[in-house]
Enquirer: 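Take this structure first; my questions come after.
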2 protein chains.
Amino acid sequence: MALEHALLVALSERPASGLELTRRFEKSLGFFWHATHQQIYRVLARMEADGWVTVEVVEQEGRPDKRVHTPSATGRRVLADWLATPMPMETFRSELAVKLRGASYGDRAALVRNLRDARADHALRLATYEQMEREQFPDPTGLEPGVRDRWLVLRGGIRLERFWIDWITEYLQAHEMETS
Amino acid sequence: MALEHALLVALSERPASGLELTRRFEKSLGFFWHATHQQIYRVLARMEADGWVTVEVVEQEGRPDKRVHTPSATGRRVLADWLATPMPMETFRSELAVKLRGASYGDRAALVRNLRDARADHALRLATYEQMEREQFPDPTGLEPGVRDRWLVLRGGIRLERFWIDWITEYLQAHEMETS
DNA sequence: ACCATCATGTAACTTGTTACATGATTAC
DNA sequence: GTAATCATGTAACAAGTTACATGATGGT
């Protein structure tokens, strides 16, 4: 009850085949939603069966045909309805949090090494996002609504990476204070 | 491949029955991990079958017996091994992000109302967490390692709520600029 | 010849969600 | 007597993960 809607958003922006959607999910929308091609194909098939999307088979030169999906009138209504429903409180799951909490029951030094790695990963991702912001949204004032929404979601990605980095840093500092 | 470990952490802090675990997950650990009692009972049964925990049936007055779970030597080793393994990059899912991104395809005014509600919810939760910090950790210097870990996870909860509030606020401000 | 890419899928499995069931005790 | 709490579960289903399959084209 959610991947469907994420796919409808993506297909509203631009119709796409399963594989194209998969790739688009690895970027932009993928800051906050991840899905494998297997999942996407399965859900697309269901959406087609339910009449939420129409499919056009597009022949290509030197490549297999692709099935391009476009939201139908029904699909557009489903999406609009969903957008207007109240949001459930998000329930985040973080393995990292569980590990921080359980540090006493294992090798704390190993955990600290892994934390440094995790922080480096997030720093890298943050740098990528910030570069995307500079390149794609050099001047965020006066953007068209749809483009502004994309910018604001990217802003969320940036904020989320900063959250991770700051939190891990706080943990590492508290740890260093003890061992120094 | 994760709830098991979260349960092992909780049971290492203090042995518990299924229902007690469920309640503990609604608090503290629950900032970053949520599980229903059905899930917990199922996983506990598997952990018992695999010899990760031992179970003691405790009779109670005027109440049904309860089955108290304690990590076994095997369970403690499993937990220690897991704590030392590198963290996979966390993949967060946010329905809110999808809705922000898709705002153009629905009623933007309704979305804005829902966003205000969502922000109020997060503000409430932030207030709860901050009160917990004041009451349980009035002086965070010189805490014992295990207690400090609990404090730092609470800090993460606080930081996460602030992330939500700040992001939603940024979105609402960008929206107001346009409509004013 | 061999590997990577494009494009679509199937199958088996693990997790997570929702709804229901039982049976005792305490509070109003 | 009615509802809430304590405590443990079952069953059906939805969602997500992992591994494998197919068959063509293009590059080295």
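Not measured: the values here are computed from a predicted model.
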Enquirer: The side chain of A:Thr36 lies closest to which of these nucleotides: C:dA7, C:dG9, D:dT18?
Expert: D:dT18

Enquirer: Decide yes or no, distance alone: a donor-acceptor N/O pair under 3.5 angstrom between the base of C:dG16 and the side-chain of B:Arg42.
Expert: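 Result: at least one qualifying N/O pair found.
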
Enquirer: Expressed as a whole number of angstroms, how long is the span from A:Glu20:CD to C:dT8:C1'?
Expert: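 Value for this atom pair: 13 Å.
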
Enquirer: Could you tell me the separation between the NE2 atom of B:His37 and the C1' atom of C:dT18, rounded to a whole number of Å?
Expert: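 Taking atom C1' of C:dT18 as the reference, NE2 of B:His37 is at 11 Å.
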
Enquirer: Could you state the CZ-C1' distance from B:Phe25 to C:dT15, rounded to the nearest angstrom?
Expert: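 Those two atoms, CZ and C1', are 14 Å apart.
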
Enquirer: Find out whether the Lys NZ or Arg CZ of A:Arg159 is both under 6.0 angstrom from the six-membered ring centre of B:Trp167 and within 45° of the ring's axis.
Expert: no

Enquirer: With nearest nucleotide decided by heavy atoms, which residue, A:Lys66 or B:Gln38, maps closer to the 5′ end of DNA chain C?
Expert: A:Lys66

Enquirer: Atom CZ of A:Arg93 to atom C1' of D:dG16: distance rounded to whole Å?
Expert: 12 Å

Enquirer: Check this one for me: any side-chain N or O of A:Gln39 less than 4.0 Å away from OP1 or OP2 of D:dT17?
Expert: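 Checking D:dT17 against A:Gln39, a side-chain N or O does come within under 4.0 Å of OP1 or OP2.
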
Enquirer: Measure up the A:Tyr129 and A:Phe31 rings against each other and bin them: parallel (under 30°), tilted (30 to 60°), perpendicular (over 60°).
Expert: tilted

Enquirer: For the residue pair A:Arg14 and A:Arg24, establish whether any side-chain heavy-atom pair is separated by less than 4.5 Å.
Expert: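 In contact.
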
Enquirer: Roughly, in whole Å, what's the span from CD in A:Glu56 to C1' in C:dT8?
Expert: 17 Å

Enquirer: In whole Å, I'd like the distance from the CG atom of A:Leu44 to the P atom of C:dA7.
Expert: 14 Å

Enquirer: What's the closest nucleotide to the side chain of A:Leu3 if the choices are C:dA7, C:dG9, D:dG16?
Expert: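 Among C:dA7, C:dG9, D:dG16, the one nearest the side chain of A:Leu3 is D:dG16.
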
Enquirer: Between B:Tyr41 and D:dG9, does any side-chain N or O lie under 4.0 Å from OP1 or OP2?
Expert: no

Enquirer: Checking contacts here: which listed nucleotide (D:dA7, D:dG9, D:dA15) is nearest the side-chain heavy atoms of A:Glu4?
Expert: D:dA15

Enquirer: Roughly how many Å is it from CZ in A:Arg46 to P in C:dT10, rounded to a whole number?
Expert: 14 Å

Enquirer: Any salt bridge between A:Arg67 and A:Glu20, counting N to O under 4.0 Å?
Expert: no

Enquirer: Can you work out whether B:Thr91 or B:Asp65 has the more 5'-proximal nearest nucleotide on DNA chain D?
Expert: B:Asp65

Enquirer: Between A:Leu19 (CG) and D:dT22 (C1'), how many Å, whole number?
Expert: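 Checked: the CG to C1' distance equals 15 Å.
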
Enquirer: Just by distance, with hydrogens left out, do A:Arg76 and A:Ser12 show a side-chain donor and acceptor under 3.5 Å apart?
Expert: no

Enquirer: Answer yes or no: does a side-chain N or O of B:Arg23 lie under 4.0 Å from OP1 or OP2 of D:dT5?
Expert: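 For B:Arg23, the contact criterion (side-chain N or O under 4.0 Å from OP1 or OP2 of D:dT5) is not met.
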
